[in-house]
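Ligands are counted one by one from 1 in listed order, and the atoms in each one are counted from 1 as well. Quick caveat, the model's predicted, so the values are computed rather than measured.
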Amino acid sequence: MLIHTIDEVREHVKKWKKEGLSVGLVPTMGALHDGHKSLIVNSVEKCDKTVVSVFVNPIQFCPGEDLDKYPRTLEEDNNLCENAGVDIVFAPSPKEMYGEGHILSNDFLTYVIPPYFYVDKLCGKSRVGHFDGVCTVVNKLFNIVQPDFAFFGQKDAQQLIIIKKMVNDLNIPVEIVACPIVREKSGLALSSRNKYLSCTEKEEAVVLSKILFNIKACYNTGIVDIEALKDTAYSLLNENHDLEYLEFRDENDLSEKEKADENTRVFIALKIGNVRLIDNISLKH
Ligand code: PAF
């Protein structure tokens, strides 16, 4: 069922809760692919009712980013959700989410600001304010849907860690379920932004997962020195790859690692043409 208003969602959820049913939420920005589908399947299996939100959240896009051209495919998204057993697809307008005249600066809107330590690194460094927008909208979605469980992909690992921190710090009564990255056969992690890649760029994009798998294989042979592990990446890069970061960070709090260990997650971001891609891998055995 496709719903556009907060009131209608609330009505359905209220009824479900009265019946003692559990509710799962899968927050998305639409352009759904198999990565989203795995989140949805997890929710449908675990929860009595599943709500998928489809909302291209303007306040998490930085100036100059792809807000206007971000793929919007609501009809296909709704079909995918219906076939997967989703109960509600919640697709609000920006006006429904942020109000009449929706002035989206933090002079006029209450924001949820995650701790600086979590956002001054990795994607937060180049996407200033991005995680404020994510935490604000996710918080709103939690308040609207009041889910028992919410499902997020490990593809956006920094986002996932920040959301877990927010839920813990603000005592939000929801359990965050982390779902593994879904990859193409080539290793490329699924992402809505892969749609921007040309065929040759898509072949180039395999380098992200190659670097990560290579690092993990080297770590598995006993190499824990981070510079040595990083060196294995550089031979895979060429002039078509504009590396933004390759970092070894703690799985739980994103602090920098001195040596690679079981709690390390390796994060990479690079640009191919105009498309910025991210990926990551846990070094846990
Ligand atoms: O990961 C995303 O698609 C978005 O950041 C999210 C969590 C749906 C918030 O807009």
task: Report, in ascending order of atom number, the atoms of ligand 1 lying under 4.0 Å from any heavy atom of Thr28.
output: 8 (C)

- line: Here the atoms of ligand 1 under 4.0 Å from any heavy atom belonging to Pro27 are 8 (C)

query: Checking Lys165 against Phe117: charged group under 6.0 Å from the ring centre and within 45 degrees of the axis?
result: no

query: Is Lys125 close enough and on-axis enough to Tyr245, meaning under 6.0 Å and within 45°, for cation-pi?
result: no

Min N/O separation Asn57 to ligand 1 under 3.5 Å: no

field: Verdict with reasoning, Phe55 to Phe90, per side-chain contact (heavy atoms from CB on, under 4.5 Å)
entry: CA-CA 8 Å; Phe55 179 60; Phe90 173 47; over 6 Å; no

Quiz item: cation-pi between Lys155 and Phe152, 6.0 Å / 45°: no

statement: atom 3 (O) of ligand 1 sits nearest the protein heavy atom Met29 CG, 3.7 Å

statement: Numbered in order shown, the ligand 1 atoms found under 4.0 Å of a heavy atom of Val137 are 9 (C), 10 (O)

- prompt: Aromatic ring centroids of Phe267 and Phe248 under 6.0 Å?
  reply: no

- request: Compare Gln159, Lys140, Lys155 and give the one whose heavy atom is closest to atom 1 (O) of ligand 1.
  value: Gln159

- prompt: Which heavy atom of the protein is the closest neighbour of atom 9 (C) of ligand 1, given with residue, atom name and distance?
  reply: Gln60 OE1, 3.3 Å

- prompt: Taking side chain as C-beta onward, heavy atoms only, is Val224 less than 4.5 Å from Tyr219?
  reply: yes

- request: Of the side chain and backbone of Ile163, name the one, both, or neither that has a heavy atom under 4.0 Å from an atom of ligand 1.
  value: neither

